Amino acid sequence: MTRNPSKLSLIATLAYVLVGTGWIVIGFFISSTIDDGGETSLFELYKGLAFIAVTGGTLFLVLRWMDSGPAGDGSFGQIAEEFRHSIHISERILRWLPPGLAVIIITLLCLL
């Protein structure tokens, strides 16, 4: 049994492309007003828009692929147990994360 692909992949990709394109275009206009470089700023604009297009296409394909996978035939009890187990692992990681980061930071400070 396969799931029907939802519109999440399209909506997420469009949101990413719109925000990314806005960021690139606004950055282009700001850099154009600060530095009247002309050709360099235009190249940066095209480069940024190409990056958004490539990563947006990749995002769409990955989300579409993830959304079209099999729904699985696990029961609700199995899914709930897996969720409970993942929360238990997360709690254990969160318990050891602050001391672990403290050890890493202190070691880095001693090396400096």
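Owing to the predicted nature of the structure, the values given are computational and were not obtained by experimental measurement. Counting begins at 1 with the first residue of the sequence.
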If I take atom OG from residue S9 and atom CG from residue L14, how far apart are they, to the nearest 0.5 angstrom?
9.5 Å

Could you give the distance from OG1 (T13) to CG (L61), rounded to the nearest 0.5 Å?
8.5 Å

Closest heavy-atom pair and its distance - L59, A12:
CD2-O, 4.1 Å

May I have all residue pairs that pass salt bridge (charged side-chain N to carboxylate O under 4.0 Å, His left out) and include part of residues 83-95, sequence neighbours excluded?
E81-R84

So if I apply the side-chain contact (heavy atoms from CB on, under 4.5 Å) rule between I104 and each of L108, I106, T107, which one comes out positive?
L108

For residues 45-57, the side chain to side chain donor-acceptor pair (under 3.5 Å) pairs (sequence neighbours left out) are Y16-T55, E44-K47

State, to 0.1 Å, how close I52 and T21 come at their nearest heavy-atom pair, and which atoms those are.
CG2-OG1, 3.8 Å

Would a hydrophobic clustering, with Ile, Leu, Val, Met, Phe, Trp and Tyr connected at side-chain separations under 4.5 Å, put V25 with V19?
no

For residues I11 and F60: do they belong to one hydrophobic cluster (side chain heavy atoms under 4.5 Å, members Ile, Leu, Val, Met, Phe, Trp, Tyr)?
no

Shared hydrophobic cluster, F51 / L45 (ILVMFWY, side-chain heavy atoms < 4.5 Å):
yes

